[in-house]
A.B. asks: 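Attaching a single structure in structure tokens format; questions to follow.
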Amino acid sequence: MNDMLQIQGVKKHYNIHKPNEIRVLNGVDLTVKKGEVVALVAPSGAGKSTLLHIAGLLDSANGGTVHINGTDVTGLDDHARTAMRRAQVGFIYQFHHLLPEFSALENIVLPQLANGVPQADAEARALKLLTSVGVEARADHRPAAMSGGEQQRVAFCRALANQPALLLADEPTGNLDPATSDRVFEALMKVARDEGLAALIATHNMELAGKMDRVLRLDNGVLVEA
Ligand SMILES: Nc1ncnc2c1ncn2[C@@H]1O[C@H](COP(=O)(O)OP(=O)(O)O)[C@@H](O)[C@H]1O
Ligand SMILES: [Mg+2]
């Protein structure tokens with residue numbers, strides 16, 4: 001079973017039955033396999049974040065089904081959704097959202113402790129991840145003492161701390177200058193490859209999108225090969 005994310009016929013409409021109904025997703029079909037990095041491109045407002053939030057169990061659809069790592073998550077209650085999200089999904093946003101009072105290492109250790117991983121194992125994994133994205137020298141630094149690119153690379157490591165099946169990223173380099181964005185993107189690709197992840201990455205940057213395995217475009221609420 002290599003389909004880490006499987007979305008079928010997903011619909012998301014806002015303001016349903018009102019004159020100003022917004023039909024964002026109109027039957028999205030998408031499969032992301034283990035080891036596959038897929039770019040999601042579309043203009044602002046097209047529904048990229050909406051789709052990522054549904055895939056990441058942060059929001060629910062009005063129709064269709066979502067499977068994560070072989071499990072149908074469509075009808076799960078809140079408790080089960082949260083457990084599934086914690087165990088299977090890593091999410092990266094445009095802004096790093098690291099905890100300011102903790103070091104880079106601690107930011108990656110804490111989610112593992114919450115998941116029952118022993119301290120020494122959690123630290124070893126955190127250091128391995130930091131090393132794989134080239135920021136191990138910042139392990140003891142708090143976020144405020146790191147550059148934007150370093151903060152974002154630490155955020156990747158945190159998203160991967162608990163070995164998720166699926167990585168979702170919402171314009172992860174959107175906040176960075178072009179040179180930093182390229183470097184950070186390389187780090188993201190490397191760590192995704194090292195970990196054999198299934199990844200869905202929304203971006204405005206067509207050059208970066210072209211470096212991924214497939215590029216899909218949201219067009220009038222459906223996905224088309226770009
Ligand atoms: N909670 C909401 N209520 C009503 N409309 C929303 C809500 N969230 C998003 N939208 C609308 O859905 C559309 C898609 O938004 P979004 O998924 O954020 O697009 P993108 O990430 O591609 O910029 C936009 O028109 C947005 O205004
Ligand atoms: Mg968005």
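Whatever order the structure lists them in is the order used to number ligands and atoms, beginning at 1. In this chain, residues are counted from 1 in sequence order.
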A.B. asks: Nearest 0.5 Å, what's the CG-NZ distance between N2 and K34?
C.D. replies: 7.5 Å

A.B. asks: CG of L58 to CZ of R81: how many Å apart, nearest 0.5 Å?
C.D. replies: 8.5 Å

A.B. asks: List the steps, then state whether side chain to side chain donor-acceptor pair (under 3.5 Å) holds for N26 with H13.
C.D. replies: CA-CA 8 Å; N26 289 314; H13 301 168; 3.1 Å; yes

A.B. asks: Can you confirm whether more than 12 heavy atoms, excluding those of R193, are under 6.0 Å from its CZ atom?
C.D. replies: yes

A.B. asks: Determine, counting only non-hydrogen atoms of the protein, whether one lies under 4.0 angstrom from atom 4 (C) of ligand 1.
C.D. replies: yes

A.B. asks: Pull out every atom of ligand 1 sitting under 4.0 Å from any heavy atom of S44, numbered as shown with elements.
C.D. replies: 23 (O)

A.B. asks: Give the residue and atom name of whichever protein heavy atom lies nearest to atom 25 (O) of ligand 1, and the separation in Å to one decimal.
C.D. replies: G45 O, 3.7 Å

A.B. asks: Check this for me: does any side-chain nitrogen of one of R217 and E225 sit under 4.0 Å from a carboxylate oxygen of the other?
C.D. replies: no

A.B. asks: What's the shortest distance from atom 19 (O) of ligand 1 to any protein heavy atom, and which residue and atom give it?
C.D. replies: G47 N, 3.1 Å

A.B. asks: May I ask whether atom 27 (O) of ligand 1 is less than 4.0 Å from at least one protein heavy atom?
C.D. replies: no

A.B. asks: For the 3.5 Å polar cut-off, considering only N or O atoms, please tell me whether E171 and ligand 1 meet it.
C.D. replies: no

A.B. asks: Tell me, which protein residue and heavy-atom name are nearest atom 1 (N) of ligand 1, and how many Å apart are they?
C.D. replies: Y14 CE2, 3.6 Å

A.B. asks: If we only count N/O pairs under 3.5 Å, is S49 in contact with ligand 1?
C.D. replies: yes

A.B. asks: Taking heavy atoms and a distance under 4.0 Å, where does V24 meet ligand 1: side chain, backbone, both or neither?
C.D. replies: side chain

A.B. asks: Taking only Lys NZ, Arg NE, NH1 and NH2, and the carboxylate oxygens of Asp or Glu, determine whether E195 and R125 approach each other closer than 4.0 Å.
C.D. replies: yes

A.B. asks: Look at ligand 1 and say whether A42 reaches it with a heavy atom at a distance under 4.0 Å.
C.D. replies: no

A.B. asks: Heavy atoms only: give me the nearest L30-L223 pair and the separation to one decimal.
C.D. replies: CB-CD1, 3.8 Å

A.B. asks: Can you tell me which portion of P43 lies within the under-4.0 Å heavy-atom range of ligand 1? Options are side chain, backbone, both, or neither.
C.D. replies: backbone

A.B. asks: Restricting to non-hydrogen atoms, name the atom on D170 and the atom on H53 that form the minimum distance, rounded to 0.1 Å.
C.D. replies: OD2-NE2, 4.5 Å

A.B. asks: Heavy-atom pairs closer than 4.0 Å: do any link ligand 1 to the side chain of I22, the backbone, both, or neither?
C.D. replies: side chain

A.B. asks: Looking at OG1 of T31 and CD1 of I7, how far apart are the two atoms once the value is rounded to the nearest 0.5 Å?
C.D. replies: 8.5 Å

A.B. asks: Only protein N/O/S atoms count here: give how many lie under 2.8 Å from the Mg ion (ligand 2).
C.D. replies: 1

A.B. asks: Working to the nearest 0.5 angstrom, can you tell me the gap between I92 CD1 and L167 CG?
C.D. replies: 4.5 Å

A.B. asks: Heavy-atom distance to atom 17 (O) of ligand 1: which of N20, L25, L51, T50 wins?
C.D. replies: T50

A.B. asks: So with a 6.0 Å cut-off around CG of N15, is the heavy-atom count from everything else above 12?
C.D. replies: yes

A.B. asks: Taking the basic N atoms (NZ, or NE/NH1/NH2) and the acidic carboxylate oxygens, is any pair closer than 4.0 Å for K128 and D194?
C.D. replies: no

